[in-house]
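Have a look at the structure below before the remarks.
Everything quoted here is computed from the prediction, not taken from an experiment. Atoms considered below: every heavy atom in the structure, side chains included; atoms not considered: hydrogens, waters and symmetry mates.
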Amino acid sequence: MTSQPPHDVPAQGSTLREILAFDDSGTLRLLLAPAGQDVTVRGVVFGDEEGAQAAEACAVLAVGPPVSSAGAVAPVREAARRGACAVVLRETEGASPAPEVLAAAEESGLALLVRAAWADWTGTAALLRSALAYAGTGRAGEPSGEPDGTAGGLSALASAIAEYTGGAITIEDTRFRVLAHSATRPEADGVRRSTILGGRVPEWRVAELRRSGILHALWTSRDVIHRPAQGDSPERLIIAVRSGPEVLGSIWVAADGRSLSPQAPDALRRAAEVAAPHLVGHRLRESAAVRRRDHALRGLLYGRGDQRTHAWSLGLSPDAPCAVLIAERAGDVRPSADRTLDVLALQATSYRSTVLVLRERERLLILLPVGNAQDRDAARMARELDALAASLPAGVPVRVGAGSVVASALTASASFEEAALVVRVLRERERRGPAEGEPRRATAAELGPSLDVLRVLDAVRPLWEQGSGPVHDLVRADLAAGGELVRTLAAYLDVSGDVARAAQRLVLHPNTLRYRLRRAKERFGVDIDDPDTRLLLTLAVRLTPGV
């Protein structure tokens, strides 16, 4: 009995040849196709799903051993047993496919594909399902096609919006690259002309929009934004294109030499809904390239792999100076925290076309190429990101740390390491109770000594954890009893032995504090007046979590 295709893929499916044509990112590579490339693929399933799941005429994603391992023979045979027409294994860089795996696929009649090492399974599944979905709309094999099959796609949509609004249209992605535009009239203003000719909004214009608050309103509003005519710049209407909470891009309407229609705002709202699936298709086509970019950016920041190759992949000159910033949410677990980081990412990418952003779970990693030795750019951007987060409706605070400017993109990991230390210092200060109005942003230059202390603590931590002696005995015994004495010592050492100030900080009588210090010596033999002991105690309390 023929099963229904999984994951709501259209029943007619697509051929393997069409899927490979759709993949212009290099995510998939065909190793062999015993039944030819015109075999029909009707769906996508994961190899680790229940064995009873239908896989007839499907591509199975085998998430286990790589193609270079003989252990991949079993998932290939299992996919064939379930009626699959193709199996996808992960590739290992520099390793050849195992002969046993090739033989198993040949014997089973399965097409054998490999997933690029830089890709992931989620993205690979999305790619395959997108290819099948496009096939279902009659656009198979044409990656530039649009999801709804409208002739002309975004260009036709831009022309239709122009007709209904009476203005000149540009449809842009979140990096202000022009995806489509309507015909340009002779009366078009200079901004529109330079935007169309350059394929993106000029950076000076983006900076102006940021300063005026238009970008803030665009990324946070769900309605039409009106910008009155200003000098040579005509009246404009703008709306963000969204898919649920996610911003996909924007539509701009300019009154070039004529008045906009009174119905233009309503037409623009409807257009944003119609444009959403088009921009989703655009986003899908870019997703594999984005994953490759993220792989290269992560390698550059974490110092993994060939740094020159990573820089080349990102379009960075090895000699270009740069700085790294880290923006992380400040301990807030509300849903608005994730939204804040999303908006911050948009703000960062619009700051300059060369800025690269990597989103991790609770933070953004931002690589800022610094042209012409503008060594203040990182600090300025940190302030802008911090201010944007603070101004968001129901916004949550973020910490922003900026590393020093380094002379080459090949040493970006050094700036990243500094930015991470800056954020750690800010986090520790907040935990101890920051002073009123203390900013949640800083640069490495502003926190130099604090960063050096963190480096020292990180270096001595293994020695401390393996050590023993009176100070170790005191810390371990007191933490087991609640940590009162350790907290007392920490406060005393933080104020350089000033009993009155330490007692005030702990809300104690000074005599109570003196008693506790005597107890440290009488019970554990820890003489706080000895310089070496005092240094070891200082390290111990700084290495103790929660103190």
When every non-hydrogen atom of P65 is compared with those of P75, the smallest separation belongs to CD-CG, 4.5 Å
Main chain of E465, side chain of H472: is a donor-acceptor contact present, judged purely on distance under 3.5 Å?
no
OG on S14 to CG on L20, rounded to 0.5 Å:
9.5 Å
Partner of E328 under salt bridge (Lys or Arg N to Asp or Glu O under 4.0 Å), chosen from R363, R441, R399, R424:
R399
Stepwise side chain to side chain contact (heavy atoms under 4.5 Å, CB included) check, W252 with V178
CA-CA 10 Å; W252 298 67; V178 177; over 6 Å; no
For residues T443 and V422, determine if any side-chain heavy atom of one lies less than 4.5 Å from a side-chain heavy atom of the other.
no
Is V453 close to R542 at the side-chain level, that is, under 4.5 Å between some pair of heavy atoms?
yes
Nearest-0.5 Å distance, CG of residue D173 to CG of residue L179
5.0 Å
Nearest 0.5 Å, please: how far is CG in L110 from CG in L31?
12.5 Å
Quick one: do V475 and L543 satisfy side chain to side chain contact (heavy atoms under 4.5 Å, CB included)? Show the steps, please.
CA-CA 11 Å; V475 171; L543 289 168; over 6 Å; no
Which atom pair, heavy atoms only, marks the closest approach of V400 to A327?
CG2-CB, 4.2 Å
Quick one: list whatever passes side chain to side chain donor-acceptor pair (under 3.5 Å) with R17, sequence neighbours left out.
D38
For R82 and V45, run side chain to side chain contact (heavy atoms under 4.5 Å, CB included): C-alpha distance rounded to whole Å, both residues' side-chain angles, the deciding distance at 0.1 Å, then the answer.
CA-CA 11 Å; R82 293 169 60 186; V45 297; 4.2 Å; yes
Would R115 count as a cation-pi partner of W121, with NZ or CZ less than 6.0 Å from the six-membered ring centre and within 45° of the ring normal?
yes
Kindly compute the distance separating CD1 (I239) from CD (E273), expressed to the nearest 0.5 Å.
8.5 Å
Positive for side chain to side chain contact (heavy atoms under 4.5 Å, CB included) with V67, one of L102, V88, V101
V101
Within 6.0 angstrom of R308 CZ, more than 12 heavy atoms from elsewhere
no
Taking all non-hydrogen atoms of both residues, which atom of L89 and which atom of A72 are closest, and how far apart?
CD1-CB, 3.9 Å
Heavy-atom side-chain proximity of P202 to T195 below 4.5 angstrom
yes
What is the ring orientation for H295 with H310, classed by angle as parallel under 30°, tilted 30 to 60°, or perpendicular over 60°?
perpendicular
Considering all heavy atoms of both residues, which atom of A98 and which atom of S68 are nearest to each other, and what is their separation?
CB-O, 3.6 Å
Can you tell me how far CG of L154 sits from CG of L279, rounded to the nearest 0.5 angstrom?
6.0 Å
Donor-acceptor check, side chain of E100 to backbone of A70, threshold 3.5 angstrom: yes or no?
no
Any salt bridge between D458 and R455, counting N to O under 4.0 Å?
no
Where A419 and G403 come nearest, the two heavy atoms and their spacing
CB-N, 3.6 Å
Backbone N/O of S155 and side chain of S159: donor-acceptor pair under 3.5 Å
yes
Quick one: does L316's side chain get under 4.5 Å of P369's, heavy atoms only?
yes
Do the non-hydrogen side-chain atoms of E428 and S450 ever get within less than 4.5 Å of each other?
no
Strictly distance-based, threshold 3.5 Å: is any side-chain N or O of S408 a donor or acceptor partner for the main-chain N or O of P318?
yes
What are the two closest non-hydrogen atoms of T174 and V247, and how far apart are they?
CG2-O, 3.6 Å
For D319, check salt bridge (Lys or Arg N to Asp or Glu O under 4.0 Å) against everything at least two apart and list the hits.
none
As an exercise, state the distance from CD of E417 to CD1 of I326, rounded to the nearest 0.5 Å.
9.5 Å
Verdict with reasoning, L61 to L128, per side chain to side chain contact (heavy atoms under 4.5 Å, CB included)
CA-CA 10 Å; L61 306 184; L128 288 166; 3.7 Å; yes
Quick one: does any side-chain atom of S415 pair with a main-chain N or O of S404 as donor and acceptor, under 3.5 Å?
yes
Would you please name every residue forming a salt bridge (Lys or Arg N to Asp or Glu O under 4.0 Å) with R200, sequence neighbours left out?
none
